[in-house]
S.K.: 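Sharing a structure with you now.
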Amino acid sequence: MFLWLFIFITSIWAIDFDFNLDTEIIVEMNGQPLTNPFSGGLNQPKVQWIDWDVDGDSDLFIMDADGHIRYYQNESENNEFTFILITTQFYGISSGGWFFFGDFNNDTFLDLVVQDTEILNNARYYQFEGESFASVGRVPLADNNGYIESDPVMTPTFADIDDDGDLDFFTGNVIGTVSYYENVGFQDGIPHYEFLTNMWQDISIIGPSLQRHGASAINFIDLDGDGDFDLSWGDYYQQSLYIVWNVGSAQSPLMDIVNITSQYPINDPIFSAGQNMPTFTDIDLDGDPDLFLSVLSGAYGSQTVNNFIFYENLGSAVSPYFEYRTHNFLQGIDLLTYTSPAFYDIDNDGDLDMFMGTKSDPSQPSWSGKVHFFLNVGTATQPHFQLQTENLFQGIAGYNLAPAFGDVDGDGEVDAIIGDSNGYLHYFKGEGDLQFINMGLVENVDLSGNSDPILMDADGDGDLELLVGELNGNVNFYEYMEGQFIINENINFPDVEIMYTTLDHFDIDNDGDSEIIMGSWQNGISIFDSQNGGWSLINMNIPFTSLRSSPAITDINSDGVLDLFVGNPSGGLYYLEEISNSFCNPGDVDDDGVFNILDIVQIVNIILGQIVPDSIVLCAADVNEDGIVDILDIVSLVNWIMSD
């Protein structure tokens with residue numbers, strides 16, 4: 001007689017998100033709809049144009065201050081430039097301060113060289129193997145006598161300057177010269193270089209205004225169509241762009257300090273905060289290169305918005321004539337730095353409005369942050385956000401503002417709690433019709449810094465409690481009693497080491513209580529579910545990790561699918577959509593609500609390769625939750641069965 005044992009077990013949720021590639025959400029700023037509202041914002045964009053998907057147009061790769069490469073797929077039509085964000089962490093590679101794609105081994109695949117993240121003046125080579133990149137090592141000199149070097153403040157480049165079929169290496173120097181490393185061949189799976197000079201072609205760039213030289217961003221391009229490379233140069237002490245003309249040939253370049261254009265384009269020179277990184281691509285597919293300048297910011301200030309500049313070439317490849325088009329090519333939400341989003345139906349019309357707290361604004365007397373208010377003039381199913389004001393809450397002297405909304409005092413009107421970088425909370429009492437009274441700072445709240453509040457019914461008693469993340473990673477729980485917030489406890493969230501805790505909440509599993517979604521400095525985004533008086537980490541897949549991610553989760557278009565909005569250090573916003581929301585029962589591999597000998601058979605078949613499981617079955621088969629399905633899971637399941 002066979003004894004069947006049935007043991008019921010607890011569910012574990014698994015949630016997958018991906019970037020929404022076809023959003024119908026409209027966002028207007030200053031009366032104009034944005035083409036790519038959720039492209040993420042830009043602070044110091046390093047740019048390269050590559051036809052990655054091999055469809056005949058240039059896709060866009062950008063590295064910003066977080067050191068990761070974003071990939072935007074070009075979906076433009078009829079000169080309507082549309083770029084879809086595919087990933088903010090291209091193949092998980094950290095590129096430090098610069099990157100360059102090129103076919104170094106002549107296998108038709110584009111390989112990648114980046115600044116080494118451990119030894120910053122070196123470079124690291126990644127070889128593309130068709131489906132993934134493999135880190136080969138630091139780029140060596142000939143005879144393995146050291147490595148190529150570039151000052152970390154420089155943005156170097158590669159070009160086949162001698163027309164011999166391989167990519168040579170060039171980097172600027174703080175004295176205003178160029179170092180040249182010749183490519184001497186491909187050995188042991190990596191290109192090797194020979195250092196030739198730090199005074200290549202005797203070029204010496206000195207800024208015209210302050211008579212100085214400094215950090216540079218350089219790129220080679222045949223601007224006059226004569227078959228050889230000219231040098232375009234953005235300098236820390238130059239508000240415009242230098243062009244060093246090659247009067248030699250493709251095999252024997254000849255450049256000097258005479259054949260230099262010191263402001264470019266000639267007919268309408270760019271003027272910015274300095275250090276303009278030049279890149280070129282035929283963006284409109286008319287047969288000639290167009291000009292893009294990304295402002296890295298230099299001696300003339302910081303330009304963290306309007307810093308991706310587009311000039312269209314109305315001339316030809318032989319005789320270019322560049323005409324200015326825009327300072328904001330991507331047309332995305334960009335509010336300087338460090339955005340903190342929140343959604344709330346502030347006007348009680350049945351749809352969600354959008355709010356964005358920011359770090360600082362130089363137009364303010366104290367550079368204090370602001371809360372931008374976007375009214376939803378669309379519907380609950382078709383959101384259409386219009387910027388109403390850049391400063392909804394007047395009188396806050398603080399940075400890194402993070403808003404939260406709810407009826408704190410139970411009077412039927414929406415109140416606001418605003419966190420700031422000092423660890424304080426500002427309380428604004430709602431009076432209706434978008435009118436608020438500044439009640440000052442919330443008493444007895446002085447956290448370690450960067451307070452990030454949410455208002456939610458955390459204990460199920462029918463009123464709102466206040467949860468606040470902070471700089472040191474704590475989450476603080478306050479109850480509103482007799483007109484003031486009283487500290488209840490610090491909540492301990494397991495399994496993550498966190499700093500700069502940012503919060504939101506939503507009832508993800510429809511069980512009547514809210515889960516906590518948490519952003520942090522070093523661990524991206526996590527979701528925690530309240531279980532048995534504690535908090536457990538929900539399995540999640542979000543296709544990026546960003547420093548200082550600030551999440552807001554909701555169903556923005558009432559379609560029953562969760563939407564995740566993420567503020568970031570570049571002043572923008574990412575939009576991701578839930579692609580699966582499911583749960584597994586560890587041990588219940590056949591999903592019949594119990595576990596028994598049949599589940600053990602399933603695990604054995606997985607280990608032996610007799611079953612190719614999907615993610616839910618794998619989750620259930622990983623009984624001990626160590627990320628591996630092996631004999632230890634069988635032992636755990638047998639112990640569970642025998643102990644019943």
Side-chain angles (χ1 to χ4, degrees), residues 19-43 72 75-85 303-310 324-359 361 363-364 369-394 401 403 405 414 416 433-434 550 552-559 563-568 570-577:
F19 288 103
N20 189 308
L21 303 183
D22 189 27
T23 175
E24 297 182 355
I25 298 175
I26 300 172
V27 179
E28 287 186 41
M29 296 184 67
N30 303 318
Q32 297 295 322
L34 300 176
T35 307
N36 302 288
F38 306 111
S39 53
L42 301 171
N43 283 168
Y72 299 84
E75 297 291 338
S76 304
E77 293 183 0
N78 301 320
N79 284 348
E80 292 290 331
F81 300 120
T82 302
F83 286 83
I84 305 300
L85 180 60
Q303 194 165 327
T304 56
V305 294
N306 295 321
N307 51 15
F308 194 12
I309 304 163
F310 168 41
Y324 169 80
R325 289 291 180 255
T326 180
H327 266 65
N328 182 16
F329 177 72
L330 277 184
Q331 290 289 306
I333 296 173
D334 196 339
L335 305 178
L336 296 169
T337 59
Y338 293 102
T339 48
S340 179
F343 292 87
Y344 196 88
D345 184 6
I346 197 72
D347 54 357
N348 199 31
D349 65 348
D351 55 39
L352 293 170
D353 307 296
M354 182 169 69
F355 304 85
M356 298 272 284
T358 65
K359 178 181 179 179
D361 192 323
S363 67
Q364 295 280 92
K370 295 179 179 179
V371 176
H372 293 64
F373 166 41
F374 294 81
L375 180 67
N376 189 348
V377 297
T379 66
T381 57
Q382 293 182 314
H384 179 163
F385 296 110
Q386 286 183 347
L387 179 64
Q388 302 296 302
T389 176
E390 294 182 349
N391 198 7
L392 180 60
F393 298 102
Q394 304 284 339
L401 301 189
F405 298 90
V414 178
D433 296 325
L434 295 175
S550 183
I553 190 168
T554 187
D555 182 2
I556 194 63
N557 50 8
S558 306
D559 62 353
D563 303 287
L564 177 61
F565 296 84
V566 185
N568 64 20
S570 297
L573 194 63
Y574 299 133
Y575 173 32
L576 299 100
E577 189 176 59

S.K.: Suppose we call two aromatic rings close when their centres sit under 6.0 Å apart. Are Phe374 and Phe385 close by that rule?
M.R.: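 No, the ring centres sit 6.0 Å or more apart.
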S.K.: Given the side-chain rings of Phe81 and Phe310, with only the six-membered ring counted for Trp, is the space between their centroids under 6.0 Å?
M.R.: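 Yes, the ring centres sit under 6.0 Å apart.
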S.K.: Under the 3.5 angstrom rule, does the side chain of Glu77 hit a backbone N or O of Glu80 as a donor-acceptor pair?
M.R.: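 Answer holds: no.
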S.K.: Is there a donor-acceptor contact under 3.5 Å linking the side chains of His384 and Glu28?
M.R.: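 There is such a pair between these side chains.
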S.K.: For Thr304 and Leu336, work out which heavy atoms get closest and say how close.
M.R.: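 Closest approach of Thr304 to Leu336: OG1-CD2, 3.1 Å.
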S.K.: Any sub-3.5 Å donor-acceptor pair from Asp334's side-chain atoms to Val305's backbone N or O?
M.R.: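 Not confirmed, Asp334 side chain does not pair with Val305 backbone.
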S.K.: Between CG of Leu576 and CG of Leu85, what distance do you get to the nearest 0.5 Å?
M.R.: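 Rounded to the nearest 0.5 Å, the CG-CG separation comes out at 8.0 Å.
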S.K.: Testing the basics here: between Pro403 and Ser340, what is the closest heavy-atom pair and its distance to 0.1 Å?
M.R.: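 Where Pro403 meets Ser340 most closely, the heavy atoms are CD-O, 3.7 Å.
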S.K.: Under 4.5 Å between any side-chain heavy atoms of Asn376 and Met354, yes or no?
M.R.: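 Sidechains of Met354 and Asn376: no contact.
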S.K.: Hey, mind stepping through Asp353 and Asp347 against side chain to side chain contact (heavy atoms under 4.5 Å, CB included) and telling me if it holds?
M.R.: CA-CA 8 Å; Asp353 307 296; Asp347 54 357; 3.1 Å; yes
S.K.: Between the side chain of Asn36 and the main-chain N/O of Gln331, is any donor-acceptor distance below 3.5 Å?
M.R.: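 Side chain of Asn36 to backbone of Gln331, a donor-acceptor pair under 3.5 Å: no, none is there.
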S.K.: Is the backbone N or O of Glu577 less than 3.5 Å from a side-chain atom of Asp563, with the two atoms forming a donor-acceptor pair by type?
M.R.: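 No.
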S.K.: Would you compute the distance between atom CG of Asn79 and atom CZ of Arg325 and round it to the nearest 0.5 angstrom?
M.R.: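 One gets 9.5 Å once the value is rounded to the nearest 0.5 Å.
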S.K.: Using a cut-off of 6.0 Å, state whether more than 12 heavy atoms not belonging to Gln382 lie near its atom CD.
M.R.: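 It does not: Gln382 CD has 12 such atoms or fewer within range.
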S.K.: So Phe329 and Ile309, do their side chains get closer than 4.5 Å, heavy atoms only?
M.R.: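 A side-chain contact under 4.5 Å is absent here.
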S.K.: Between Asn568 and Tyr338 (side chain of the first, backbone of the second, donor and acceptor by atom type, cut-off under 3.5 Å), is there such a pair?
M.R.: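 Checking the backbone N and O of Tyr338 against the side chain of Asn568, no donor-acceptor pair under 3.5 Å is found.
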S.K.: Tell me if a side-chain donor or acceptor on Asn307 pairs with a main-chain N or O of His327 at a distance below 3.5 Å.
M.R.: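 No; judged by distance alone, with no hydrogens or angles, the pair does not exist.
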S.K.: So which atom in Leu34 and which in Gly332 form the shortest heavy-atom distance, rounded to 0.1 Å?
M.R.: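 Leu34 and Gly332 have their closest heavy atoms at CD1-C, 3.8 Å.
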S.K.: Within a strict 4.5 Å, meaning less than it, do heavy atoms of the Thr35 and Phe83 side chains meet?
M.R.: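 SC-SC contact between Thr35 and Phe83 ruled out.
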S.K.: Is any side-chain heavy atom of Leu401 closer than 4.5 Å to one of Thr358?
M.R.: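 Contact flag for Thr358/Leu401 side chains = no.
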S.K.: What distance do Gln388 atom CD and Leu375 atom CG have between them, rounded to the nearest 0.5 Å?
M.R.: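 Interatomic distance, Gln388 CD to Leu375 CG, rounded to 0.5 Å: 4.5 Å.
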S.K.: Determine whether Val371 and Met356 make a side-chain contact, defined as any pair of heavy atoms from C-beta on separated by less than 4.5 Å.
M.R.: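 With C-beta onward as the side chain, the pair stays apart.
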S.K.: Consider only side-chain N and O atoms of Thr326 and Asn328, and report whether a donor and an acceptor are under 3.5 Å apart.
M.R.: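 Side-chain D/A pair, Thr326 to Asn328: absent.
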S.K.: What I'd like to find out is whether the side chain of Leu42 reaches to under 4.5 Å of the side chain of Ser570, using heavy atoms alone.
M.R.: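 They are not in side-chain contact.
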S.K.: Just by distance, do the side chain of Tyr72 and the backbone of Ser39 share a donor-acceptor pair under 3.5 Å?
M.R.: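 Yes; at least one donor-acceptor contact below 3.5 Å.
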S.K.: Any non-hydrogen side-chain atom of His372 less than 4.5 Å from a side-chain atom of Pro341?
M.R.: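 No, every pair of side-chain atoms sits at 4.5 Å or beyond.
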S.K.: Taking CG in Asp433 as the centre, count heavy atoms belonging to other residues, nucleotides or ligands within less than 6.0 Å. Is the count above 12?
M.R.: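 Open.
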S.K.: Search all heavy atoms of Leu335 against all heavy atoms of Met29 and return the closest pair with its distance.
M.R.: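 Reported closest heavy-atom pair: CD2-CE, 3.8 Å.
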S.K.: Less than 4.5 Å apart, side chain to side chain, heavy atoms only: is that true for Phe373 and Leu387?
M.R.: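 Of all side-chain heavy-atom pairs linking Leu387 with Phe373, none is under 4.5 Å.
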S.K.: Do the two ring centres, one from Tyr575 and one from Phe19, sit under 6.0 Å apart?
M.R.: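 Centroid distance Tyr575-Phe19: not below 6.0 Å, so no.
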S.K.: Taking the six-membered ring for Trp and the full ring for Phe, Tyr or His, determine whether the centres of Phe565 and Phe38 are under 6.0 Å apart.
M.R.: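 Yes: the rings meet the under 6.0 Å criterion.
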S.K.: Working note: Ile556 + Leu352, criterion side chain to side chain contact (heavy atoms under 4.5 Å, CB included); need CA distance, chi angles, decisive distance, verdict.
M.R.: CA-CA 7 Å; Ile556 194 63; Leu352 293 170; 4.0 Å; yes
S.K.: Determine the minimum heavy-atom distance between Ile25 and Pro37, stating which atoms define it.
M.R.: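 Of all heavy-atom pairs spanning Ile25 and Pro37, the closest is O-CG, 4.4 Å.
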S.K.: Which atoms form the tightest heavy-atom contact between Phe393 and Ala416, and what is the distance?
M.R.: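 Phe393 and Ala416 have their closest heavy atoms at CZ-CB, 3.5 Å.
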S.K.: Measure from the side-chain N and O atoms of Ser76 to the backbone N and O of Thr82, and report whether any donor-acceptor pair falls under 3.5 Å.
M.R.: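 Between the backbone of Thr82 and the side chain of Ser76 there is a qualifying donor-acceptor contact (under 3.5 Å).
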S.K.: Does Gln394 offer a backbone N or O that forms a donor-acceptor pair with the side chain of Asn391 under 3.5 Å?
M.R.: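 No.
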S.K.: Would you find a donor on one side and an acceptor on the other, under 3.5 Å apart, between the side chain of Asn557 and the backbone of Ala380?
M.R.: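 No, the answer is negative, given that no donor and acceptor are paired below the 3.5 Å cut-off.
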